[in-house]
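Order of the sequence lines sets the chain letters (A, B, ...), proteins ahead of strands, with each chain counted from 1.
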Amino acid sequence: MPELPEVETVKRGLAPTFEGAKISSVDQNRPDLRFPFPENFSKRLSGHRVTTLSRRSKYLLADIDSGDVLIMHLGMSGSFRIENDVLGETPGEFSHARSKNPKHDHVVFHLQTQENTPARIVYNDPRRFGFMDLIARPKLSDHAYFKDLGLEPLGNDLSGETLAQLFAGRKSPLKAALLNQKLIAGLGNIYVCEALWRTGLSPKRVAGSLATGTGKPKQKANELAAHIRSTLEDAIKAGGSSLKDHTQADGSLGYFQHSFAVYDREGEACRKPECSGTVSRLVQSNRSTFYCPRCQT
DNA sequence: AGTGGGACCTGTCCGC
DNA sequence: TGCGGACAGGTCCCAC
């Protein structure tokens, strides 16, 4: 599920329950996900309060009043769901948004919310490419997860100018450059395809070609920056994309996948009104790229 | 240094 | 219906 818009959607979904809540206990149902859990994971969280929930790139961060930051990454298949006392149900019975696959419920945070009601936040991840970690707040930006991360595509740093600088001299295909988290942090396979289509740029084009001169390439860099932003913002507005059975924290579905112009549309008509092309699939860096060879050049 | 490819896992879908 | 292979939203690691 999770590229930047999905992680942002998850953050917004969890915040009302998680922020200000006291963690009464944590069930850690296995020793590792992608990486081992940190030492005393449950112990370092239990009895403490979550102050703020935030996002950096595709990482979800929960500041804990102990001074630790709980790092959560969803990998390819991670999702959270909230379980509440549901009105009209047996008191104490948590029945909201039941897991379809309880054997992949790896972590359960038992909470006492700000409103002093019990709730649980459950992390489910069939492929276990996600992970959690605890890092002291002052050490966060120097930590290996974050120190090499590129700019936030929704922040003020993203512009045609900065894109041109980042891509200058790069011989890799534009697709690979945009997926490189050291340059721009948060884009993934879907939204790179979509942003390139919106801009009319071929994923195969050499990244450095956007950096030269002051005329057309520079203008393309400006357009690309704007389209990256609008693609992500549109997806967040739509509640992210729900592929497979992925849902938002409250169990509802995002619907941006209905707005995909190219992703997973191989063989279908290009959606640009004036274009008669057909969406193609190719493999770059071992990942599928979807694009219209006719209008993306 | 920068790049491409494989590896990590499980689930699902498609063709035989 | 069953089975094998391809493929899936991410990122780390290791050869070139």
Let me know the distance between [atom1] of [X] and [atom2] of [N], rounded to the nearest Å.
| X | N | atom1 | atom2 | answer |
| --- | --- | --- | --- | --- |
| A/Asp264 | B/dT12 | CG | P | 17 Å |
| A/Tyr59 | C/dC12 | OH | C1' | 10 Å |
| A/Ile184 | C/dT11 | CD1 | P | 14 Å |
| A/Leu179 | C/dC12 | CG | C1' | 15 Å |
| A/Phe131 | C/dC12 | CZ | P | 7 Å |
| A/Glu3 | C/dA8 | CD | C1' | 12 Å |
| A/Asn101 | B/dT12 | CG | C1' | 12 Å |
| A/Asp133 | C/dG10 | CG | C1' | 17 Å |

Using a cut-off of less than 4.0 Å, is there contact between a side-chain N or O of [X] and OP1 or OP2 of [N]?
| X | N | value |
| --- | --- | --- |
| A/Ser241 | C/dG9 | no |
| A/His73 | C/dT11 | yes |
| A/Lys58 | C/dT11 | yes |
| A/Tyr191 | C/dG9 | no |
| A/Arg287 | B/dG4 | no |
| A/Arg128 | B/dC8 | no |
| A/His104 | B/dC9 | no |
| A/Ser172 | B/dT3 | yes |
| A/Lys175 | B/dT3 | no |

Give a yes-or-no answer on whether the side chains of [X] and [Y] include a donor-acceptor pair shorter than 3.5 Å.
| X | Y | answer |
| --- | --- | --- |
| A/Asn124 | A/His106 | no |
| A/Ser241 | A/Tyr263 | no |
| A/Asp65 | A/His48 | yes |
| A/Ser77 | A/Asp125 | yes |
| A/Gln219 | A/Glu223 | yes |

Sticking with atom [atom1], work out how far [N] lies from [M], rounded to a whole angstrom.
| N | M | atom1 | result |
| --- | --- | --- | --- |
| C/dC3 | B/dC9 | P | 24 Å |
| C/dC7 | B/dG5 | P | 14 Å |
| C/dG5 | B/dA7 | P | 15 Å |
| B/dA1 | C/dT11 | P | 23 Å |

Going by purine N1 to pyrimidine N3 plus the second Watson-Crick contact, or the G-U wobble pair, all under 3.5 Å, which nucleotide sits opposite B/dC9?
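By the stated definition (distances under 3.5 Å), nothing pairs with B/dC9.
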Evaluate the side-chain proximity of A/Phe167 to A/Asn180: yes if any heavy-atom separation is below 4.5 Å, no if none is.
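With C-beta onward as the side chain, the pair stays apart.
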Which nucleotide wins on minimum distance to the side chain of [X], given the candidates [options]?
| X | options | value |
| --- | --- | --- |
| A/Tyr263 | C/dA8, B/dT3, C/dG10 | C/dA8 |
| A/Arg127 | C/dA8, B/dG4, C/dC12 | C/dA8 |
| A/Asn286 | B/dT3, B/dG5, C/dC7 | B/dG5 |
| A/Arg281 | B/dG11, C/dA8, C/dC12 | C/dA8 |
| A/Met76 | C/dT11, C/dG10, B/dT10 | C/dG10 |

Which part of the nucleic acid does A/Gln284 contact within heavy-atom distance under 4.0 Å: base, sugar-phosphate only, or nothing?
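Touches nothing.
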Using a cut-off of 4.0 Å on non-hydrogen atoms, how would the nucleic acid contact of A/Pro5 be classed: base, sugar-phosphate, or nothing?
nothing
Got a sec, which hydrophobics cluster with A/Tyr59, joining ILVMFWY side chains under 4.5 Å apart, including via others?
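A/Tyr59 shares its hydrophobic cluster with A/Phe35, A/Leu61, A/Val69, A/Ile71, A/Phe131, A/Ile135, A/Leu140, A/Tyr145, A/Phe146, A/Leu149.
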Return the stacking result for B/dC8 and A/Phe129: yes when the ring centres lie under 5.5 Å apart and the planes under 30°, no otherwise.
yes
Would you say the side chain of A/Arg34 and the base of C/dT11 hold a donor-acceptor pair, judged only by whether the two atoms sit under 3.5 Å apart?
yes
